[in-house]
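Atoms within a ligand are numbered from 1 in the order they appear, just like the ligands themselves.
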Amino acid sequence: MPANTSSKVRVRFAPSPTGELHVGNIRTALFDWAYARHTGGTFIFRIEDTDTERVTPEYIQAAINTLKWLGLDWDEGPEVGGENGPYLQSQRLDIYAEWAAKFLEQGDAYHCYCSSEELEAVREAQRAANVAPGYNGHCRELTPQEIAAYLSEGRKPVVRMRMPDGSTTFTDLIRGEVTFEHKFVPDFVLARNDGSPLYTLAVAVDDVLMKVTHVLRGEDLLSSTPRQLRVYDAMGVKAADYPLFAHLPFVMGQDNAKLSKRNGETSIAWYRDAGYLPEAICNYLALLGWSPGEDRENVTMKELTELFTVERVHSSPARFDMKKLEAINGDKIRALSLEDFFTWAMPFMRKAGTVTGTDEEVALIKKALPIIQERIVTLGEIPALLNFLFVKDFVIAADSVEKIADEQSKKVLQISAERLSTLTEWNHESIEAVLRSALIEELGLKPRIAFSALRIAVTGSHISPPLFESMELLGAAKSLARIRGAL
Ligand code: GLU
């Protein structure tokens, strides 16, 4: 076993923010974080932003904000610093350039002058001959004359790593022993002809310099591992000191294809905006490919850090199940204290333009929240449910108007208005009592029919919080005015 198992654990989450972080990224971040916390190790957050065309400052900031929002705190990285920084790869370009130069000097790497047209022609020929695609080693052993000729043509070389014959074998903590034959791992580019590093160079150099002991990351990066090990070797790192790798299984959509924009919502920002709580997302993602042992649906962040081990990560792909996430989110919402529920709800109310946040509005929202807490699965549902309490120009939704256009509804509304106006005390119990006696007992109507007309008249929609509580909150004057208005 590598020496790393005995040293203090250092894990890193190293996204390339070319967009909003997605479900797969966050599941990786969560496992990295949980593993660091479980082992009392260090969680490093590194931004891999060498692809300057696709990674933007906005996406970098969004990635930082997302981790913070989820409560995945890091010990080294952006904003907090650390002794192995900087933690943005764009600020470490000279380091990569130095290593590339060293590899050239050592003979581990060489300058490759092939143009993209020439490389394409090689690939074309490989396809035609049905052989594995990849660099054919054309520039491996150029003579000084050949080099001089290329330079005089004005060609600028890339730096290419020499992959020796043979194979690479390593033990993945999730999948066991993995071997890559080098005939399928051709010499690869470390630095472009403008000197900028490629992923394989930067990631490997940083994992070594940041003393990373464990690399937990997505399965899609499995095939880049032999290249990274090759870079460690060129850096003079002994095999016993290589980081250990654990490649996490893919997150699949309901259709068993890899989760993507096409078969599901993948962006964490979408879930945040739709009103999912960070605890719910972490709880759900924690169980996506990992299990605490028993058949549990709920796990707190504390339990996750206590129980998380790589051995309990499944090797088969995990299926993303929106319904499960919704159910967990509903549970987490119901578990909130009224104060916390209010804190989460308020931004949604403001954003929807339902309220501005006056004292009066705040007081009413606090009274109204308990009646909807049991009924919602996302915070995003709140404004529509409470809107009827705050609208200035009350109108009945078009699809609901027709539902109360009949004679019977008219009668319900007329009688309700009469009886309600006699009430001396306006609370949900007295409202319910008077309406039940008038509509159900005297008129003999079914509750669903009688109350649905009232619901529409008072709240403007056939979907609302419980009717009598809604009327209590709205107050006698407004409730009666709306019933009369509907008539
Ligand atoms: N930056 C890489 C990516 O986002 C991941 C690096 C790694 O975990 O090795 O795909």
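- Atom numbering of ligand 1 starts at 1 in the shown order; those under 4.0 Å from a heavy atom of E48 are 1 (N), 2 (C), 5 (C), 6 (C).
- With ligand atoms numbered from 1 in the order given, ligand 1 contributes 9 (O) to contacts under 4.0 Å with heavy atoms of V203.
- Between S90 and D49, the side chains place a donor N or O and an acceptor N or O closer than 3.5 Å (distance only, hydrogens not considered).
- Taking the side chain as every heavy atom from C-beta outward, D73 and R37 approach each other to under 4.5 Å.
- Remark: R27 qualifies as a cation-pi partner of F31 under the 6.0 Å distance and 45° angle criteria applied to the six-membered ring.
- Short contacts between ligand 1 and P15, defined as distances under 4.0 Å to a heavy atom of the residue, involve ligand atoms 1 (N), 4 (O).
- For atom 10 (O) of ligand 1, the closest non-hydrogen atom of the protein is L221 CD1, 4.1 Å.
- Within the 4.0 Å heavy-atom criterion, both parts of S16, backbone and side chain, lie near ligand 1.
- The residue F13 has no part lying near ligand 1, judged by heavy-atom distances below 4.0 Å.
- The residue from D207, D32, D206 that alone fulfils the side-chain hydrogen bond (donor to acceptor under 3.5 Å, both in side chains) condition with R12 is D207.
- Within the 3.5 Å criterion, the main-chain N or O of G275 finds a donor-acceptor partner in the side chain of N329.
- Using bins of under 30°, 30° to 60° and over 60° for the plane-to-plane angle, the ring pair F45/W74 lands in the perpendicular bin.
- Of the N or O atoms in V215, none lie within a sub-3.5 Å distance of an N or O in ligand 1.
- Judged by distance alone, the side chain of Q91 and the main-chain N or O of Y87 form no donor-acceptor pair under 3.5 Å.
- For atom 8 (O) of ligand 1, the nearest non-hydrogen atom of the protein is R12 NH1, 2.8 Å.
- The nearest protein atom to atom 5 (C) of ligand 1, hydrogens excluded, is given as A14 O, 3.3 Å; this is a heavy-atom distance.
- In terms of N/O distances under 3.5 Å, ligand 1 is not approached by Q228.
- Neither the backbone nor the side chain of T28 has a heavy atom within less than 4.0 Å of ligand 1.
- E153 contributes no side-chain N or O that, together with a main-chain N or O of A148, makes up a donor-acceptor pair within less than 3.5 Å.
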